[in-house]
Amino acid sequence: MSGLTRRKFLGAAAAVAAASSCVTVSPFAIGGARKKVVVVGGGIGGATAARYLRMMDASIQVTLIEANKDYYTCFMSNEVLVGERTMDSIRFGYGGLREQGVGIVHDRVVGIDTDRRMVRTRGGQRFSYDRCILSPGVDFRWDSIDGYDAGVAQKIPHAWKAGEQTLILRRQLKAMPDGGTVLIVPPPNPYRCPPAPYERASQIAHYLKTRKPRSKILILDPKDSFSMHDLFTDAWKRHYGYGTDNSLISWISGAEGGRVEALDVKAMQVQALVEDFTADVINIIPAQKAGSIAFDTGLTNDKGWCPVDGGSFESLLHENIHVIGDACVAEPLPKSGYVANSDAKVCAAAIVAAFNHGKAPQPSWINSCYSIVAPGDVFSAVMVYGYKDGKIVKAKGAGGLTPRAFDADMRAREEQYAYSWFRNITADVFGLPAGI
Ligand code: FAD
């Protein structure tokens, strides 16, 4: 490698990879014993980390352990609920990662011995590691609403992990008679994808307006406001009569008694702070915490999330384990797929640098979140983040929201960007031909 030292090249390559979702870095091998990284969880964060580790340093032996054979993206799953797209269009396999030399194991991790650096699976396999990356996503606080638990969720779906849950809610919406009520219970903060419950309400509203126009949606919220509140309520006024006597959508805030305390499944009734409500379809999205393997490994704080060093995502509680994606606390980053994808690149670059006694490159993150509220009416929030004095900070002058004033051309363009973002991020995560 003439003129450019290996370490400098590594730093430059990693910094570029961290900043862009579409870049390809030439692999190269580094002498000495092969380092081993075990990645737990092959969702957005885990699959990206595994792939980028191999791209940044092909000498690393990367093993990705994922419980399921296929991954269903949560993003665009709201469209599946209302029949606008198929389940197959949000399903992704691991062939692309395999082709890039990632060892794929379909099994559930049931224990991590942090002293011996050993990962154990339900199927009885053991994997030693130099570094382990966890991206297990979220689990639910089943004790937060009386009468709601994992068993009941088969009948009253959360649909907050895409797959079977998405199909249950889709079937219920389809079977509901015209004139029925859909009740949506969003979670308290913090949770996976802050705008998504309200995007879901918007898309279900569009479905009802066009197929079952006498039906209603009631949102019972523990919060007093929510992500992109004004953009959503403007859209609801524009499309669904929000604020009128005949509104398709009603939203009751926490201050107005929207907090749901108990569920009676037989009666299809929820008990909120001041009143009981019955509905034909109930979608409860429970309060959330880090995926259970993070608890079992002792990686969580008293709030149920994993504290990490923002420059490397190494756990502050155990050495040589990194936690990325929804499970970690990395404020001000939101819990989103785009952030999990950026975390993974920052983390992979830091691990490659550590293996090579180098300095981790300057991290950066991108988040953009598109909300599809009706066909041709889409808005987004975008933010770029940097790292300063050991803290993740919003980059000054970068990012922003779609303007509140409605511009049909701009909203239609945002719709195209949303679909192109979906194609590109899934290509980047799962190693597929570029999307566009
Ligand atoms: P996940 O993607 O959930 O991956 C976790 C993986 O770990 C899973 O595959 C799971 O099977 C596996 N796993 C867990 N425990 C184990 C174990 N013990 N052993 C083996 N495997 C294990 N984000 C956006 O950026 N844009 C959007 O438009 C957007 N829309 C959304 C819409 C909805 C309705 C929802 C619910 C979410 C949306 N998100 C969006 C958020 C995004 O889906 C998550 O933030 C993202 O998936 C987080 O990635 P992760 O790697 O942390 O977790």
Side-chain angles (χ1 to χ4, degrees), residues 21 38-50 63-81 90 92 94 104-112 119-123 125 133-139 158-163 165-166 169 184 186-187 190-201 203 227 283 285 288 290-297 305-306 313 323-328 330 333-344 347 365-372 378 380-383 417-419 421-422 425-426 429-430:
S21 359
V38 174
V39 182
V40 178
I44 303 306
T48 310
T63 305
L64 174 68
I65 309 179
E66 162 57 45
N68 301 309
K69 285 253 154 56
D70 290 314
Y71 178 82
Y72 291 90
T73 59
C74 285
F75 25 91
M76 300 297 166
S77 67
N78 284 333
E79 286 200 335
V80 177
L81 291 179
I90 59 165
F92 295 88
Y94 294 91
I104 305 289
V105 175
H106 289 296
D107 205 341
R108 179 163 286 280
V109 172
V110 290
I112 302 176
V119 172
R120 196 163 42 82
T121 69
R122 183 176 284 166
Q125 304 182 77
I133 302 176
L134 254 72
S135 194
V138 294
D139 265 324
H158 50 77
W160 219 240
K161 291 188 184 186
Q165 279 282 311
T166 314
L169 186 52
I184 299 176
Y191 64 94
R192 155 177 286 184
C193 201
Y198 311 96
E199 181 198 56
R200 175 172 290 179
Q203 295 204 7
S227 171
N283 171 216
I285 307 162
Q288 292 161 36
S292 59
I293 189 66
F295 282 82
D296 301 343
T297 314
W305 303 101
C306 304
F313 288 84
V323 186
I324 59 174
D326 289 351
C328 73
L333 300 175
K335 296 188 186 303
S336 82
Y338 208 168
V339 163
N341 174 262
S342 280
D343 291 350
C347 174
W365 294 258
I366 308 174
N367 184 49
S368 68
C369 240
Y370 294 92
S371 293
I372 302 172
V378 175
S380 64
V382 177
M383 185 47 69
Y417 297 153
Y419 294 133
W421 173 84
F422 173 68
I425 194 164
T426 50
V429 171
F430 294 102

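The basis for the numbers below is simple: all heavy atoms, side chains too, and nothing from hydrogens, waters or symmetry mates. Every number for a ligand or one of its atoms is a count from 1 in the order of the listing. Along the sequence shown, the residues carry numbers beginning at 1.
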Would you mind listing which atoms of ligand 1 come within a distance below 4.0 Å of any non-hydrogen atom of [X]?
| X | answer |
| --- | --- |
| Gly137 | 5 (C), 52 (O), 53 (O) |
| Ala196 | 32 (C), 33 (C), 34 (C) |
| Asn68 | 11 (O) |
| Ile65 | 20 (C), 21 (N) |
| Ile44 | 2 (O), 47 (O), 49 (O), 51 (O) |
| Asp107 | 20 (C) |

Using a 3.5 Å distance criterion without hydrogens, assess whether the side chain of [X] forms a donor-acceptor pair with backbone atoms of [Y].
| X | Y | answer |
| --- | --- | --- |
| Ser342 | Ile366 | yes |
| Thr166 | Gly163 | yes |
| Lys335 | Cys328 | yes |
| Gln288 | Arg192 | yes |
| Tyr94 | Gly42 | yes |
| Asn283 | Ile184 | no |
| His106 | Asn68 | yes |
| Asp139 | Ser292 | yes |

Out of [options], whose heavy atom is nearest to [atom]?
| atom | options | value |
| --- | --- | --- |
| atom 34 (C) of ligand 1 | Trp160, Phe75, Tyr338, Tyr191 | Trp160 |
| atom 26 (N) of ligand 1 | Tyr72, Tyr71, Trp421, Tyr370 | Trp421 |
| atom 51 (O) of ligand 1 | Ser135, Gly325, Gly43 | Ser135 |
| atom 43 (O) of ligand 1 | Ser371, Gly163, Cys74 | Cys74 |
| atom 53 (O) of ligand 1 | Gln203, Glu199, His158, Arg192 | Arg192 |
| atom 48 (C) of ligand 1 | Asn367, Asp139, Asp326 | Asp326 |

Determine the minimum heavy-atom distance between [X] and [Y], stating which atoms define it.
| X | Y | value |
| --- | --- | --- |
| Pro197 | Ile285 | CB-CD1, 4.1 Å |
| Thr73 | Phe92 | CG2-CE1, 3.7 Å |
| Pro186 | Tyr198 | CB-OH, 3.5 Å |
| Leu134 | Ala294 | CD2-CA, 4.1 Å |

Residue and atom name of the nearest protein heavy atom (relative to [atom]), distance in Å to one decimal:
| atom | value |
| --- | --- |
| atom 12 (C) of ligand 1 | Glu66 OE1, 3.2 Å |
| atom 22 (C) of ligand 1 | Gly41 CA, 4.1 Å |
| atom 18 (N) of ligand 1 | Val109 O, 3.0 Å |
| atom 14 (C) of ligand 1 | Pro136 O, 3.4 Å |
| atom 16 (C) of ligand 1 | Arg108 NH1, 3.6 Å |
| atom 38 (C) of ligand 1 | Cys193 CB, 3.4 Å |
| atom 23 (N) of ligand 1 | Gly337 N, 2.9 Å |
| atom 21 (N) of ligand 1 | Ala67 N, 3.2 Å |

### For Ser336, side-chain hydrogen bond (donor to acceptor under 3.5 Å, both in side chains) partners two or more places apart
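Scan of Ser336 (side-chain hydrogen bond (donor to acceptor under 3.5 Å, both in side chains), adjacent residues dropped) gives Asn367.
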### Query
Residues in side-chain hydrogen bond (donor to acceptor under 3.5 Å, both in side chains) with Asp107, at least two apart?
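Per chain and number, Asp107 pairs via side-chain hydrogen bond (donor to acceptor under 3.5 Å, both in side chains) with Thr121, Gln125.
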### Task
Tell me, please: is Thr121 in heavy-atom contact with ligand 1, that is, under 4.0 Å?
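No, that is not the case, since the closest heavy atom of the residue is not under 4.0 Å from the ligand.
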### Task
Work out whether the distance between some heavy atom of Ser77 and some atom of ligand 1 is less than 4.0 Å.
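Ser77: in contact with ligand 1 (<4.0 Å).
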### Task
Check each heavy atom of Val339 against ligand 1 and say whether those closer than 4.0 Å belong to the side chain, the backbone, both or neither.
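Looking at Val339 and ligand 1, no heavy atom falls under 4.0 Å.
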